[in-house]
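Worksheet: one structure, shown below.
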Amino acid sequence: MTYKNSFLSLGLLLFVCVSNPKQTNAQGTSTLKPTPKTVAWGYYDAKAAPVLRVKSGDAVEIETLITSTPKRLEDAGLPPDQVEQSLRDITTQVTDKGPGGHILTGPIYIEDAQPGDVLEVRIQKIQLAIPYAYNAFGPGRGYLPDDFPYAKMKIIPLDEKRMVAHFAPGIDIPLHPFFGSMGNAPPEGAGRFNSAPPWIMGGNMDNKDLVAGTTLYLPVHAPGALFEVGDGHAGQGDGEVDITALETSLIGTFQFIVRKDMHLKWPRAETPTHYMTMGFNDDLNASTTLAVREMIDFLMTEKHLSRDDAYMLSSVSADLHITELVDGNKGVHMSIPKGIFSAASPK
C-alpha cells in the first residue's frame, strides 16, 4: 500500500544480532541462515525467543528451507547428495515443533515495534537456493481430497538461467519466486499458532503476487513484531488446489520499517502497479467480504473517497482473486491499479 510518508529515508543500517548472523557487506546487511537454532518449525508465537534483532530501516538476507523432509524427497527420486545439509540437521535436531509443517526462519525482533504498529516489509530480492522444486498431494488434503485419496510427490527441475520449471516434456512453467509464509507473531492469547492457516498477522498467505519489488504491511501484535518467513515457492497458481506449489528453498532480502503512522486490522500489500487488500477466513465468502471491506477502508483512508464512492470504485476497477483454498483459512485478495489515480491524488 502506498501510504503517506510510506518511503522513509534509509540512513545507516545498524544491526544487533542475537544469533551472530554473518555480516555480508559494508552497509551492515545481515544474513540469517536456517539452522536448528534459528527456525520455528510449524508455528508463529508471541512468546518465541528471537534469533535476530534489527532496527527499523535495516535489511536482512534470509535463507529458507523447502517444506519437506529428506526422506520424502529421496523417496520421490531426489538424489541424496541434492538434499541440503541444513534440512538434514533441522529434521534430526529440532524436536520442539508446532502444529504446522512449515520450517520458518526466525523470529526476527524489530526494535521499537509495538502492538498497534504496522511492520512494513519491503521484499527487495528473491533468489532460488536449489535447482529443484516439488509438488505433492496426500489423502484427506487439498481441494479435491475425495478425488485423490492417495499420496504422490513429483520432483520438478528448475532452470534458473531460463527461469522456468521443467514440469514435464513440452511443459515449462515460468518462475515467479515468492514466499508462501511471511508473518509476525499473533496476539499472545493465540498461543503457539499453527503455521498453516493465514490470519491477522499474515503467515501462510500463499499470495503469488508478493514477489521481489513488492511491499507487505503486517499488523504488529507482539513487542518486536517477531517476523518469520518460509514456505518458498518458485511459482504457484491462484488457489494452490492440491495444497502445494512449486515448493523449494529460497533466499530473500527484506527491509523492515516500523510504521507508527499506520494501524491495520489485516495485512495489506503494494506491488509496482497495484494496491492490495486481503481477507482470511475458513469461509470463502467471509474472506471475500473482508478483502472488499479492507479495500473500501483503504480508498476512504488513503485516497479520501467517500464510503459510497469507495464501494463504487471497488466494483468498477478492483479485481478479486482467490489466493488459496487449502490451508484451513481460505485467502482472498483484492487489487486496484495505481494507474487510475492521477498525480494530484493523495498517495
Side-chain angles (χ1 to χ4, degrees), residues 33-34 39 41-42 61-91 100-105 123 125-138 141-143 148 150-182 195-196 198 203-212 214 228-253 323-327 331:
K33 297 179 180 292
V39 299
W41 191 322
E61 182 183 88
I62 307 173
E63 297 187 20
T64 66
L65 285 176
I66 196 167
T67 299
S68 189
T69 64
K71 184 179 187 306
R72 288 184 65 215
L73 293 169
E74 291 171 8
D75 287 350
L78 185 71
D81 62 358
Q82 291 193 34
V83 176
E84 296 164 280
Q85 185 59 47
S86 54
L87 182 63
R88 295 191 187 277
D89 294 342
I90 289 168
T91 301
H102 305 93
I103 300 173
L104 303 172
T105 306
I123 307 167
K125 187 177 182 180
I126 302 177
Q127 304 166 261
L128 300 178
I130 53 178
Y132 60 87
Y134 78 84
N135 184 264
F137 57 83
R141 308 181 72 197
Y143 192 63
F148 297 89
Y150 51 90
K152 187 171 183 179
M153 177 185 279
K154 181 184 185 74
I155 302 296
I156 302 168
L158 303 180
D159 185 337
E160 186 172 16
K161 184 176 181 180
R162 293 179 54 207
M163 286 301 286
V164 297
H166 299 302
F167 183 82
I171 303 176
D172 285 344
I173 306 168
L175 301 186
H176 300 282
F178 72 98
F179 294 91
S181 192
M182 296 180 286
S195 66
N204 191 35
M205 297 175 289
D206 286 326
N207 189 324
K208 72 175 187 178
D209 291 328
L210 299 180
V211 296
T214 63
E228 297 175 5
V229 60
D231 191 29
H233 295 166
Q236 178 196 294
D238 276 339
E240 198 188 25
V241 294
D242 78 352
I243 206 169
T244 58
L246 287 171
E247 306 285 335
T248 192
S249 299
L250 295 176
I251 303 169
T253 302
T323 310
E324 53 76 23
L325 293 165
V326 291
D327 293 325

Which atoms form the tightest heavy-atom contact between I126 and A212, and what is the distance? CD1-N, 3.7 Å
Rounded distance [0.5 Å steps], CE in M182 versus CG in N204: 10.5 Å
Atom CD in Q85, atom CD1 in I90: separation rounded to 0.5 Å? 10.5 Å
Does the side chain of S195 come within less than 4.5 Å of L104's, by heavy atoms? yes
Donor-acceptor check, side chain of T214 to backbone of V211, threshold 3.5 angstrom: yes or no? yes
Heavy-atom side-chain proximity of L78 to V83 below 4.5 angstrom: yes
Does K71 have any side-chain contact (heavy atoms from CB on, under 4.5 Å) partners at least two apart in sequence or in another chain, and if so, which? T69, D75
Please name all residues satisfying side-chain contact (heavy atoms from CB on, under 4.5 Å) with T323, sequence neighbours left out, ordered by chain then number. N207, H333
Report yes or no: does E324 contribute a side-chain atom to a donor-acceptor pair with the main-chain N or O of G331 at less than 3.5 Å? yes
Is L73 close to I66 at the side-chain level, that is, under 4.5 Å between some pair of heavy atoms? yes
Would you say that P80 contacts R88 through its side chain, given a criterion of any heavy-atom pair below 4.5 Å between the two side chains? yes
Non-neighbouring partners of A133 that pass side-chain contact (heavy atoms from CB on, under 4.5 Å), sequence neighbours left out: L158, L246, T248
Look at the side chain of T105 and the backbone N and O of E63, then say whether any donor-acceptor pair between them is shorter than 3.5 Å. yes
Between F137 and F148, the two heavy atoms sitting closest are CE1-CB, 3.8 Å
What are the two closest heavy atoms between G235 and A245, and how far apart are they? O-CB, 3.3 Å
Between NE2 of H176 and CG of L210, what distance do you get to the nearest 0.5 Å? 14.0 Å
Within a strict 4.5 Å, meaning less than it, do heavy atoms of the T244 and T67 side chains meet? no
Taking salt bridge (Lys or Arg N to Asp or Glu O under 4.0 Å) as the cut-off, I'd like each qualifying pair that reaches into residues 233-246, sequence neighbours left out, listed once. none
Checking side chain to side chain contact (heavy atoms under 4.5 Å, CB included) between L250 and each of I62, D231, L128, V229, which is the one that passes? L128
Considering residues at least two apart in sequence or located in another chain, which fulfil the ring-ring contact (aromatic ring centres under 6.0 Å, His included) criterion with H233? F178
Contacts of F179 meeting ring-ring contact (aromatic ring centres under 6.0 Å, His included) (sequence neighbours excluded), chain-then-number -> F254
Decide yes or no on side-chain hydrogen bond (donor to acceptor under 3.5 Å, both in side chains) for S249 and E84, but give the supporting numbers first. CA-CA 9 Å; S249 299; E84 296 164 280; 2.7 Å; yes
Counting heavy atoms not belonging to R141, are there more than 12 under 6.0 Å from its CZ? no
What distance separates H166 NE2 from I155 CD1, expressed to the nearest 0.5 Å? 15.0 Å
Nearest 0.5 angstrom please: D327 CG to M205 CE, how far? 11.5 Å
Atom CD1 in I251, atom CD1 in I130: separation rounded to 0.5 Å? 10.0 Å
Counting N and O atoms only, with roles assigned by atom type, does the side chain of E247 sit under 3.5 Å from a partner on the main chain of S68, one being a donor and the other an acceptor? no
Main-chain N/O of Q82 paired with Y132 side-chain donor or acceptor, under 3.5 Å: yes
